[in-house]
Colleague: 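Okay, here's the structure, questions in a sec.
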Amino acid sequence: MTGQVRTVDGRVAGRRGQATRQKLLDCLGEMLSSSPYRDVKVIDVARKAGTSPATFYQYFPDVEGAVLEIAEEMAKEGAALTALVSGRSWVGKAGWQTSEELVEGFLDFWRKHDAILRVVDLGAAEGDKRFYKIRMKILNSVTNSLTDAVKELQAKGKVDKEVSPAAMAGSLVAMLASVAGHQKGFTTWGVKQAELKPNLALLVHLGITGKKPTR
């Protein structure tokens, strides 16, 4: 974490204070993995971190405020997803590799941050603009790069001009997010992870290029 860390009342936190604050966030993140978001209480987070509720309130206004801090950090990491698409080739075997790596990176990111992403999705679905903004920051990191990829292919005459780059990219990213959040559910349909990735990559490749991949 970079930059000055401040308490709720505006004071700059020292090294010990920053460590305590981070420990509270880490403990909250662990609790979100095993408990419903609405059930997590300040006193439980403080107890798990070995401190008091009063200390928690020095750094966060409430549990939701702390959750937003975790979500913001996660969104910063999510911005790196653009590297899976930006400047990559969608022609020939390289195009198939781009599709595969995008799918793998997207699914891995969702698995790693599964707990906080569930809370972000819940908040966004309930109309909380703060969570909605965080969700869109993550999705935009891929959507914008995919939009540019379709435009570039159109400029080279490789994709039909009738295709809307933004609509295609947005639809594919929404699909990726939905599938990524439902990974455990695929096992109930008898679908293994090893089967999911190549089939999802195929859909992405078809959507961007309009063609079957060269493998």
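The structure presented is a predicted model; accordingly, all values stated were derived computationally and were not measured. All values below were derived from every heavy atom in this structure, side-chain atoms included, with hydrogens, water molecules and symmetry-related copies excluded.
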Colleague: Considering all heavy atoms of both residues, which atom of A46 and which atom of P53 are nearest to each other, and what is their separation?
Modeller: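 In this case the closest contact between A46 and P53 is CB-N, 3.6 Å.
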
Colleague: So, for A177 and R135, which heavy atoms are closest and what is the spacing to 0.1 Å?
Modeller: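 Closest pair (atom of A177, atom of R135, distance): CB-NH2, 4.1 Å.
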
Colleague: Report the C-alpha separation of K184 and D114 in whole Å, then their side-chain angles, then the decisive distance to 0.1 Å, and conclude whether the side-chain contact (heavy atoms from CB on, under 4.5 Å) test is met.
Modeller: CA-CA 11 Å; K184 294 177 182 176; D114 176 60; 4.2 Å; yes

Colleague: To the closest 0.5 Å, what do you measure between CG (L176) and CG (L81)?
Modeller: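 So the CG of L176 and the CG of L81 are separated by 10.0 Å.
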
Colleague: Looking at S99 and A201, what are the two nearest heavy atoms and their distance?
Modeller: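 Looking at all heavy atoms of both residues, the closest pair is CB-O, 3.6 Å.
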
Colleague: For R118 and S33, which heavy atoms make the closest approach, and how far apart are they?
Modeller: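 Distance-wise, the nearest heavy atoms are NH2-O, 4.4 Å.
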
Colleague: Tell me whether T82 contacts the main-chain N or O of S141 through its side chain, where contact means a donor paired with an acceptor under 3.5 Å.
Modeller: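 Indeed, once roles are kept as given, a pair shorter than 3.5 Å links the two residues.
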
Colleague: How far does CG of L25 sit from CZ of F56, to the nearest 0.5 angstrom?
Modeller: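 Spacing of CG (L25) from CZ (F56) equals 8.0 Å.
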
Colleague: Applying side-chain contact (heavy atoms from CB on, under 4.5 Å), run through N199 and L203 and close with a yes or a no.
Modeller: CA-CA 7 Å; N199 283 280; L203 288 172; over 6 Å; no

Colleague: What pairs of residues pass the ring-ring contact (aromatic ring centres under 6.0 Å, His included) test when at least one of them lies in residues 138-183, not counting sequence neighbours?
Modeller: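 Non-adjacent pairs meeting ring-ring contact (aromatic ring centres under 6.0 Å, His included): H182-F186, H182-W189.
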
Colleague: Where do P165 and V163 come nearest, in terms of heavy atoms and distance?
Modeller: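 So the minimum-distance heavy-atom pair works out to CD-O, 3.2 Å.
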
Colleague: Let me see the working for E126 and D128 under side-chain contact (heavy atoms from CB on, under 4.5 Å), right down to the final yes or no.
Modeller: CA-CA 6 Å; E126 292 180 342; D128 190 317; 5.6 Å; no

Colleague: With sequence neighbours left out, what residues match D148 under salt bridge (charged side-chain N to carboxylate O under 4.0 Å, His left out)?
Modeller: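 So D148 forms no salt bridge (charged side-chain N to carboxylate O under 4.0 Å, His left out) with any residue.
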
Colleague: Could you state the interatomic distance from NZ (K133) to CG (L68), rounded to the nearest 0.5 Å?
Modeller: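 Taking NZ in K133 and CG in L68, the distance rounds to 11.5 Å.
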
Colleague: Answer yes or no: is there a side-chain heavy-atom contact under 4.5 Å between E72 and I134?
Modeller: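 E72 vs I134: side chains touch.
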
Colleague: Any ion pair linking D44 and R47 (charged N to carboxylate O, less than 4.0 Å)?
Modeller: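 Yes.
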
Colleague: Do M74 and I138 touch side chain to side chain, with heavy atoms closer than 4.5 Å?
Modeller: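 In contact.
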
Colleague: Determine, for K23 against D26, whether the closest basic-nitrogen to carboxylate-oxygen distance falls under 4.0 angstrom.
Modeller: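 No, K23 and D26 are not salt-bridged.
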
Colleague: Taking C-beta and beyond as the side chain, do V159 and M168 meet within less than 4.5 Å on heavy atoms?
Modeller: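 V159 does not reach M168 side chain to side chain.
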
Colleague: When you compare the side chain of M175 with that of L200, does any pair of heavy atoms fall below 4.5 Å?
Modeller: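 In contact.
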
Colleague: Surrounding OH of Y37 (heavy atoms of other residues, nucleotides or ligands, distance under 6.0 Å), is the total greater than 12?
Modeller: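 Yes, the 6.0 Å shell around OH holds more than 12 heavy atoms from other groups.
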
Colleague: Under the side chain to side chain donor-acceptor pair (under 3.5 Å) rule, collect the residues that match up with K156, sequence neighbours excluded.
Modeller: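 Side chain to side chain donor-acceptor pair (under 3.5 Å) check on K156 returns E152.
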
Colleague: Side chains of R38 and L122: does their closest heavy-atom pair fall under 4.5 Å?
Modeller: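 Result yes, sub-4.5 Å side-chain heavy-atom pair found.
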
Colleague: Mind running side-chain contact (heavy atoms from CB on, under 4.5 Å) on E69 and L28 for me, showing each step along the way?
Modeller: CA-CA 11 Å; E69 288 280 346; L28 173 57; over 6 Å; no

Colleague: Would you say that T209 contacts L153 through its side chain, given a criterion of any heavy-atom pair below 4.5 Å between the two side chains?
Modeller: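 Side chain of T209 against side chain of L153, heavy atoms only: contact under 4.5 Å found.
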
Colleague: Just by distance, do the side chain of T98 and the backbone of S89 share a donor-acceptor pair under 3.5 Å?
Modeller: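 Confirmed, T98 side chain pairs with S89 backbone.
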
Colleague: Hey, could you give me the CD/CG distance between E100 and L102, rounded to the nearest 0.5 Å?
Modeller: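 Result: 11.0 Å between the selected atoms.
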
Colleague: Are the side chain of T20 and the backbone N or O of R16 linked by a donor-acceptor pair below 3.5 Å?
Modeller: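 At least one qualifying donor-acceptor pair exists.
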
Colleague: Would you say the side chain of V67 lies within less than 4.5 Å of the side chain of F131, judging by non-hydrogen atoms?
Modeller: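 They are in contact (side-chain heavy atoms under 4.5 Å apart), so the answer is yes.
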
Colleague: Examine distances only and state if a side-chain atom of D62 and a backbone atom of G65 form a donor-acceptor pair shorter than 3.5 Å.
Modeller: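 Such a contact is found between D62 side chain and G65 backbone.
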
Colleague: Are W110 and V191 co-members of a hydrophobic cluster defined by side-chain heavy atoms under 4.5 Å apart?
Modeller: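 Yes, V191 and W110 fall within the same hydrophobic cluster.
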
Colleague: Rounded to the nearest 0.5 Å, what separation is found between the NZ atom of K211 and the NZ atom of K158?
Modeller: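 Atom-to-atom, K211:NZ and K158:NZ are 5.5 Å apart.
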
Colleague: Taking all non-hydrogen atoms of both residues, which atom of W96 and which atom of P198 are closest, and how far apart?
Modeller: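 Where W96 meets P198 most closely, the heavy atoms are CH2-O, 3.5 Å.
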
Colleague: With the side chain counted from C-beta on, respond yes when L84 and F106 share a heavy-atom pair under 4.5 Å apart, and no when they do not.
Modeller: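 Result no, sub-4.5 Å side-chain heavy-atom pair not found.
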
Colleague: In Å, rounded to the nearest 0.5 Å, how long is the span from CD of Q18 to OH of Y59?
Modeller: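 If we round to the nearest 0.5 Å, Q18:CD and Y59:OH are 9.0 Å apart.
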
Colleague: Starting from L202, can I reach W90 by hopping between I/L/V/M/F/W/Y residues whose side chains sit under 4.5 Å apart?
Modeller: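 No.
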
